[in-house]
Number of protein chains: 2
Amino acid sequence: MPVTLKDIAKKVGKSVTTVSRALHGYDDVSPETSALVRKVADEMGYTPNIIAQRLQKQHTDTIGFILPTFGPRFSDPFFSEFLAGIGNKAAKLGYDLLVSTHPPGDDELKAYRRKVQSYLVDGFIIVRTRRKDPRIGYLCQTDFPFVAFGRTENSCDFPFVDEDGELGMRLIAHHLADLGHQRIAFIAAPDELMFAHYRLKGFKNGLSEKGVRLEEKMIVTGDLTQRDGVKQATMLFDLPNPPTAIAACNDLMALGAISAAQKRGLRVGKDIAITGFDNIPLAEHSHPSLTTIHQPIYQIGDMVCEMLIRRIKEESIEAEHTLLEPKLVIRETSGGKL
Amino acid sequence: MPVTLKDIAKKVGKSVTTVSRALHGYDDVSPETSALVRKVADEMGYTPNIIAQRLQKQHTDTIGFILPTFGPRFSDPFFSEFLAGIGNKAAKLGYDLLVSTHPPGDDELKAYRRKVQSYLVDGFIIVRTRRKDPRIGYLCQTDFPFVAFGRTENSCDFPFVDEDGELGMRLIAHHLADLGHQRIAFIAAPDELMFAHYRLKGFKNGLSEKGVRLEEKMIVTGDLTQRDGVKQATMLFDLPNPPTAIAACNDLMALGAISAAQKRGLRVGKDIAITGFDNIPLAEHSHPSLTTIHQPIYQIGDMVCEMLIRRIKEESIEAEHTLLEPKLVIRETSGGKL
DNA sequence: TTGAAAGCGCTAACAA
DNA sequence: TTGTTAGCGCTTTCAA
């Protein structure tokens, strides 16, 4: 049924080898043969069997990406955009993308190990890095190519791109402090997530630089979803002495906080300041629009993918460790619009 | 470096064939040999080379999914959730997922053709079906297994899951008409998208059943993003005789419309009714919360994936054509909360 | 119960 | 310029 090199070889009366070489444009095959082979291949509708090529070449031109899914209602706008970034770049560079979904946890490593050991992928892209990240430990130790979006506290060295979340949150803290807020709350994310750790740290430092105190009970932790943003913010509002400003660790929770505030009849941007982090498309078009830190997710996907492919091909990478400078986007929810 | 059957064979002093059979649990190998082989394989850390298996077996246990990306800012919450649905199911059934991104358009078919002809995938999942869908035409004609989320006007028969968008939008139309609205607008999506076509049709029918007229100029078309929801809604508000209700073809645009309305100082749910379609997580937690039609995206992904795998394995599929019954979720934006 | 041999489709070193 | 040969790692007849 499918056309193979053998079929073409038979048709043109040459060997399989010659056909292969002709098709690859090697110069040690006569122009006539080459032309004939190409013509016949075209007529017969030949497409190489990539699986066979892979077995021979011992690499797959495929990169792996495992989505850290949580519940079934997994709908973080972050991921589709990031995926688009790596997908488009991968396609441009002739790579396929093998995606799977796996909740973080115990047998998570199995998913990685299988793909590594069975030669299903040439490299991995890692996201949502954790402070102790077993995935990174494993890949480092086996010396398998990967690039991460995010850092870790593991001791090994590896290429990554990350946004300077610490600085980003300092900017938010300064902004809020400059607006005169004294009772400021923070909706954090689980501290084992590296980015959550940095952001909280930056926020604390930022406030203390401005001489503003961050009370312990003003720090709550959410699971990054909008739903939890609502819940955590509501708890903050229920405090005997509620905050006048809330900084959330990401936009989704900030959006939830806005919703919670409005449900209370608070005017966001006036009675209460709220800020996010990520600048997802929704941030710009929420009402009021969300003050946040911009994170160029698509471009990060693009960069990370390119770095990985360069690493796979053992080409040099300009910047092994890229820390992107965060940009504060002041909109309406902080009440700080100039 | 990597451990192969040959290595194990050498170690246990048996042939590659025997080792292979032992590892597969065939019963024509002596218990002792079998035990020994397994033990050694384990000790040596053997993992089968899946590429080699695939070449031999002539199938890949991989399913293809091509994301119809549009701009770089591609962040539809729909896709991450759908992907989680198919990803988890695929993993459970032992399948991998080959994802790529490609804008709809001319050389889109190439992406499909390559994967089909090179035996990279055993089947495809198609989303965002169009009225004339070349992808479906191609796959039908080559008789390649696929399952679609959505229908088409192509004449061929194929398995699909779809939500009854026509009925869904009729429910919305009825709801709005029952609330007494007479000047109702619709933010449609490009009509070549099958679901957009159905939804518009259902809306028109629904209104006419209630004796409400839908003026032509009250129908505008957006690109499904929140940004465009803002824009289209703003245009509607600028009409000399603006609508008292706006139904958007999807939640994202509805969210945009809410934002546009609030910017005008309109109280959504009182001065203006707004509805969406999809029931993305954000719908529940927007303020006011969004009246919409629920679409179980994760489960649809799950179903579609299972159907495809059954089809690949040539097992029977219970329901080749599943039309899900839509559920109206009445919240605050329509002002119809009981 | 086991092994030899062939073959999946392709590439590449070597020889002619 | 071309063909022969071997081999990537695996599965599967077939024969012993």
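Naming convention: chains lettered A, B, ... in sequence-line order (proteins, then strands); numbering from 1 in each chain.
Listed pair B:T4 / D:dC8 fails the phosphate criterion, with no side-chain N or O lying under 4.0 Å from OP1 or OP2. Taking 4.0 angstrom as the limit, A:T18 places a side-chain polar atom (N or O) nearer than this to OP1 or OP2 of D:dG3. One finds a side-chain N or O of A:T33 lying less than 4.0 angstrom from the OP1 or OP2 phosphate oxygen of D:dT2.
Ring orientation note: the planes of B:F149 and B:F82 are close to parallel, at an angle under 30° on the 30°/60° scale.
When rounded to the nearest whole Å, the span between CD of B:Q58 and P of D:dT12 equals 12 Å. Distance, A:K10 NZ to D:dG3 C1': 17 Å, rounded to whole Å. Separating the CG atom of B:L55 from the C1' atom of D:dG7 is a distance of 12 Å, rounded to the nearest angstrom. If you take NZ of A:K6 and P of C:dA6, they are 13 Å apart, rounded to a whole angstrom.
Side-chain proximity of A:N49 to the nucleotides C:dT1, D:dT1, C:dG9 is greatest for C:dG9.
Geometric assessment of A:R54 against the ring of A:Y119 yields a negative cation-pi assignment under the 6.0 Å and 45° thresholds.
Just one residue in the list B:F158, B:Y112, B:Y138 forms a ring-ring contact (aromatic ring centres under 6.0 Å, His included) with B:F124, and that residue is B:Y112.
In this structure, the separation between OG1 on A:T4 and CG on A:N49 is 9.5 Å, given to the nearest 0.5 Å.
Here the side chain of B:T129 pairs a donor or acceptor atom with the backbone of B:R151 at under 3.5 angstrom.
With no hydrogens or angles considered, no side-chain donor-acceptor pair links B:R21 and B:T17 at under 3.5 Å.
Under the 4.0 Å criterion applied to side-chain N and carboxylate O atoms, A:E108 and A:R128 are not assigned as salt-bridge partners. In this structure, B:E153 pairs ionically with B:R131, as a charged nitrogen and a carboxylate oxygen lie closer than 4.0 Å. Salt bridge annotation for A:D302-A:K92: absent, with no cationic side-chain nitrogen under 4.0 angstrom from a carboxylate oxygen.
A:S30 comes within 4.0 angstrom of the backbone, heavy atoms only, and of no base.
Within a heavy-atom distance below 4.0 Å of DNA chain C, no residue of residues 113-123 of chain A is found.
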Sugar-phosphate or base contact per nucleotide [nucleotides 11-16 of chain C; S, B, -; heavy atom under 4.0 Å]: BBBB--

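Where A:A52 and A:G13 meet DNA chain D, the nucleotide closest to each residue was compared, and A:G13 sits on the side nearer the 5' end.
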